[in-house]
Amino acid sequence: MTEVFTGNFTQQEPIPEAAIEAAVRVMRSGRLHRYNLLPGEVGEVSRLEEEFATVTGARYCLAVASGGYALACALRAVGVRPGDRVLANAFTLAPVPGAIASVGAVPVFVEVTEDLVIDLDDLQSKIGQARVLMLSHMRGHICDMDRLMAICEAAEVQVIEDCAHTMGAAWAGVPSGRHGVIGCYSTQTYKHINSGEGGLLVSDDAEVMARAILLSGSYMLYGRHTAAPPAEMFEKIKFETPNISGRMDHLRAAILRVQLADLPTQTQRWNVLYTRLETGLSGIPGVRLVPRPQAESYVGSSFQFLLPDCPPDRVRAFLSAAAARGVELKWFGAPEPVAFTSRHDSWRYAPPQSLPQTDRVLAGLIDLRLPLTFTEADIDLIARILREEWGRLAS
Ligand SMILES: *Cc1c(COP(=O)(O)O)cnc(C)c1O
């Protein structure tokens, strides 16, 4: 009998009951806007910011409307101006070049390695072209952060970290998002904590964070933030910083606080699934798994493997054979972007760039999500199906 997988790769777990109760409390209060507080009340948004600052070890935190908003806000806060060039990974998701374009800046793409991290030699060769690097830890893969920071510090390039896939991860014990001047996170449904839409920024830099808070639409109510720099920081800049509204509300903050407390447990659960799939797919000829460095602690919420130099027709045949058995794979090598898998050559508002190494890696890159609604038995079945269908094509 041919086994078929019937799980859903985009089905998240329900919002925890305690979070639902917290959300209902906020709704009963009628005070959903972050600055709509009773005298002496701190509010869910500021509490979330305090807690996320504690979790990441950051001095300051700001909650905003989306991960993409966090990225654009970070670019403005470090002073990126229209026409400036910004270094970015060629292998990333559309919100990254989109954030750069939203401030009128121009992305300069850096190649990806076969280990799915930014190519530090290519970064070194391009470092003189910009003052800022927007670094994506794409699909949760973290590069050698010590070497990256050495390259950027030597060139006085500021690093903004896009931690959409690394909330809860770390490099050599330092939480992801804490190497650069700002770390940006997403709380969108497909990330590690789920408020539908949402984002967070962390920083130790008082002036940068004061700018970010003003930019996010704080009016002159920044004094109600509790994970913020002192009031003097705002005095200098409050008349010259535009309000570009993108605040978070208490409803979303309330459901995120409960999930943030659960993140270490969820991370362990994701990594059990990840390791199981890694074991299930190891040793298949023609399939390259991505090694995970010792220094990296990751959150295995998605899984990637490479079919190096596999002809496109064979990749397509594999994808459709897997799909026929219920295993939905994403391919970064398709000529047209599908769902979330867009590629540098589909961001045509940016100048075209030659990235032969990235093109070669993406041509064989397969991606799948590991939602926590999957069981270990589901993972074993997925691995069996992929192994059988790849084997069938090879024979
Ligand atoms: C999801 C994501 C973002 C932010 O996305 P939003 O949908 O705006 O929250 C940024 N970068 C990457 C790599 C992402 O996957």
Side-chain angles (χ1 to χ4, degrees), residues 9-10 12 48 52 61-76 86-103 105 107 109-110 112 116-118 132-143 159-169 176-177 180 182-202 212 215-216 244-249 252-253 255-256 259-260 270 290 298-304 330 332 337-344 346-347 350 358 361-362 365 367-371:
F9 283 84
T10 55
Q12 313 302 325
L48 172 67
F52 197 67
C61 177
L62 171 67
V64 294
S66 74
Y69 183 91
L71 295 174
C73 182
L75 289 167
R76 289 193 174 93
V86 175
L87 291 155
N89 309 54
F91 173 46
T92 184
L93 228 62
V96 173
I100 295 169
S102 80
V103 301
F109 294 120
V110 180
V112 69
L116 302 187
V117 295
I118 193 166
V132 173
L133 164 66
M134 180 161 270
L135 173 69
S136 291
H137 305 294
M138 183 60 174
R139 288 298 188 260
H141 298 276
I142 304 179
C143 72
V159 179
I160 296 170
E161 290 182 71
D162 168 18
C163 306
H165 305 164
T166 53
M167 182 188 285
S176 186
I182 304 186
C184 299
Y185 308 78
S186 170
T187 63
Q188 192 235 73
T189 293
Y190 299 108
K191 312 300 162 92
H192 298 169
I193 56 178
N194 174 10
S195 59
E197 302 285 354
L200 291 156
L201 295 97
V202 297
L215 285 162
S216 76
I244 304 173
S245 287
R247 294 170 301 271
M248 179 169 282
D249 57 85
R252 285 186 281 170
I255 70 173
L256 289 172
Q259 296 176 68
L260 182 61
W270 260 309
V290 181
Y298 56 88
V299 182
S301 56
S302 70
F303 193 94
Q304 294 71 43
K330 303 275 184 259
F332 278 89
V338 179
F340 291 98
T341 53
S342 70
R343 223 175 39 189
H344 70 88
S346 52
W347 307 322
T358 297
V361 171
L362 297 189
L365 177 59
D367 179 53
L368 61 159
R369 284 206 177 92
L370 301 177

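Everything numeric in this text was worked out from a predicted model, so none of it was measured. For ligands, and for the atoms within them, numbers begin at 1 and follow the listed sequence.
The contact set between ligand 1 and Q188, taken as ligand atoms under 4.0 Å from a residue heavy atom, comprises 1 (C), 6 (P), 7 (O), 9 (O). Taking every non-hydrogen atom of H165 and a distance limit under 4.0 Å, the qualifying atoms of ligand 1 come out as 13 (C), 14 (C), 15 (O).
Geometrically, R369 engages Y190 in a cation-pi contact defined by less than 6.0 Å to the ring centre and at most 45° from the axis.
Ranking the protein heavy atoms by distance from atom 8 (O) of ligand 1 puts G68 N, 2.7 Å first. In terms of protein heavy atoms, atom 1 (C) of ligand 1 is closest to K191 NZ, 1.4 Å.
Between F109 and W347, the gap from one ring centroid to the other is short of 6.0 Å.
The closest donor-acceptor contact from the side chain of R247 to the backbone of A65 lies at 3.5 Å or more, if one exists at all.
Across N89, V64, L71, D162, heavy-atom proximity to atom 11 (N) of ligand 1 is greatest for D162.
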| said: What verdict does the side-chain hydrogen bond (donor to acceptor under 3.5 Å, both in side chains) test give for H192 and S301, after you've listed the backbone C-alpha separation in whole Å, the side-chain angles of each residue and the deciding distance to 0.1 Å? | reply: CA-CA 8 Å; H192 298 169; S301 56; 2.8 Å; yes
| request: I would like to know whether N194 and Q12 meet side-chain hydrogen bond (donor to acceptor under 3.5 Å, both in side chains); could you show each step before the answer? | output: CA-CA 9 Å; N194 174 10; Q12 313 302 325; 5.7 Å; no
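Counting heavy atoms closer than 4.0 Å to ligand 1, residue A164 contributes side-chain atoms (C-beta onward) but none from N, CA, C or O.
In terms of polar-atom proximity, defined here as any N/O pair under 3.5 Å, Y69 makes no such contact with ligand 1.
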